[in-house]
2 protein chains.
Amino acid sequence: MHITKDYDVRKAEFLDTAMRLFIERGYDDTSVNAIIDAVGVSKGAFYHYFKTKEELLDELAARAGDQAMAIVEPIVADPALPAIEKMNAMFARTNAFKAQNRELMITLARVFYSDRNALLRSRMTRRSVELTAPALARIIEQGNREGTMDVTHPAQTAAMILEFGATVVAGFARRLEEIDRDPAVGDELILSMRVYTESVERMLGVTPGSLTLVDDSIVRIVRGDTAESNGGKG
Amino acid sequence: MHITKDYDVRKAEFLDTAMRLFIERGYDDTSVNAIIDAVGVSKGAFYHYFKTKEELLDELAARAGDQAMAIVEPIVADPALPAIEKMNAMFARTNAFKAQNRELMITLARVFYSDRNALLRSRMTRRSVELTAPALARIIEQGNREGTMDVTHPAQTAAMILEFGATVVAGFARRLEEIDRDPAVGDELILSMRVYTESVERMLGVTPGSLTLVDDSIVRIVRGDTAESNGGKG
DNA sequence: TCTACGTAACCGACGGTCGGTCTCTACCGA
DNA sequence: TCGGTAGAGACCGACCGTCGGTTACGTAGA
């Protein structure tokens, strides 16, 4: 006896479940059988919705891109906000990626950001960058007009900053585990986040210190504070 | 009757063959069986030299790192060369990666730089970056002393420039195929190479225009010229 | 003889296929 | 208004070839 569901509902169920499993165990280490077991359907059902396992991956990447875009768009559209503040807001929302506590962050590091998952990450960041780069480019053009930025090629620079950021975050996450063995790594990571911000400031030609691309919550994660939601931010 | 070979010879044979196949068809799409068929030995021979297929990948990455280091080291060691010229020399050797002709470059793009090969590429660039970053850091420190560069954190900046470069090159290679369909992509690619150079110049705080990170041969590749050095620049 | 090197049959798990079943809905004649 | 029915699409699960990896066992050379 099997259950028939609405197409979109079932499909979302596949995507959500697969995403969860990919994050927990990695793309390659999550079999199609594991996905259908978790959803509670048969192999045939899976291949009714997706031509291949890789097609599912691409749909996840597309969804990630759309979600990133949904976060970024309202910030860009705000007519009152200066360009630099838009940048800060944009990065606060995208780079913090909801990492409220250390555990989640370390889980992500161990699997999502391990290079076992290079394919998954590569696809997702590429789609996200492609979709959000034009928005960032418009922010940069605004900054040029306002005189707070000095960028000769906004579109290319925007794409590079985003890909650069993804690379840096991946490296950050990869080293997170080492902290337990060697606490000095924590200082290095915080430093590298500062260097990343400085680098972007220079690429944009803004006044040093005017960007805040990395939230303080990162420091808390590195420091190992269990953090006690201290009222803050989000 | 089987042939016994010297350990190192056999091992190099595995590594060379695997590298060739990985470049031709990708890491995931090259089975262990394909490797042993190409070498002309049995499964057992393979697993006598490598614990897993992934261990072979790691050894390839290590070898790539060593090769990169061998190129970089003599440049760094030169006591007479100014820092900026060292940088130019270093990038001329590593980023041009012997791409003499368009065909090879496009083959590399289609397989090595496609994200099907994200794992292979991720491992190889990471090892290369880890090994060469300290060398670049020393160049930057020299530039600081000479007053031609202005970098607050040479070590972190060095690592970021290299990883950044790998990301940019990967994006470049990925788009190379599109040129045949849309020649305008060629202009975009050349522009993005210029923006990359500008970005690095700003990160290092050098005089604009003083770095030449990307060779003219890249332009020739993009333009589709079958080479014949036409005496320079366009 | 001992050990490094090599063989080839073999294993479980994987991604993917296939013939077929079940369920829902639209439309039918009475 | 109704039961009957046909088609479409959701879903099933046994099955396939191939994969990375293991095992039991030969053989060449010190």
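Just so we're on the same page: letters track the sequence lines, and every chain starts at 1.
- Here A:F112 pairs with nothing under the ring pair (Phe, Tyr, Trp, His ring centres under 6.0 Å) rule; sequence neighbours left out.
- Against DNA chain D, the stretch residues 34-47 of chain A makes heavy-atom approaches under 4.0 Å through A:V41, A:S42, A:K43, A:G44, A:A45.
- Residues forming a ring pair (Phe, Tyr, Trp, His ring centres under 6.0 Å) with A:F46 (at least two apart in sequence, or on another chain): A:F14, A:F50.
- Each side-chain hydrogen bond (donor to acceptor under 3.5 Å, both in side chains) pair with one or both residues in residues 21-35 of chain B, not counting sequence neighbours, appears once here: B:R20-B:E24, B:D29-B:R116.
- Taken residue by residue, residues 52-64 of chain A places heavy atoms nearer than 4.0 Å to DNA chain C at A:T52, A:K53.
- Between C:dA4 and B:R10, no contact under 4.0 Å exists linking OP1 or OP2 to a side-chain N or O.
- With sequence neighbours excluded, no residue forms a salt bridge (charged side-chain N to carboxylate O under 4.0 Å, His left out) with B:E163.
- Proximity note for B:H48 (side chain, C-beta onward) versus D:dC11, D:dG20, C:dA4: the nearest is C:dA4.
- Phosphate proximity of D:dT18 to B:S31: absent, as no side-chain N or O sits under 4.0 Å from OP1 or OP2.
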Identify every side-chain donor-acceptor pair in residues 126-140 of chain A under 3.5 Å, counting partners at least two apart or on other chains, and give the distances.
residue: A:R126; atom: NH1; partner: B:D115; partner atom: OD2; Å: 2.7
residue: A:S128; atom: OG; partner: A:M124; partner atom: O; Å: 2.9
residue: A:T132; atom: OG1; partner: A:S128; partner atom: O; Å: 2.7

Can you give the donor-acceptor pairs under 3.5 Å from side chains of residues 66-74 of chain B to other protein atoms, not counting sequence neighbours?
none

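- The salt bridge (charged side-chain N to carboxylate O under 4.0 Å, His left out) test applied to A:D58 returns A:R123, not counting sequence neighbours.
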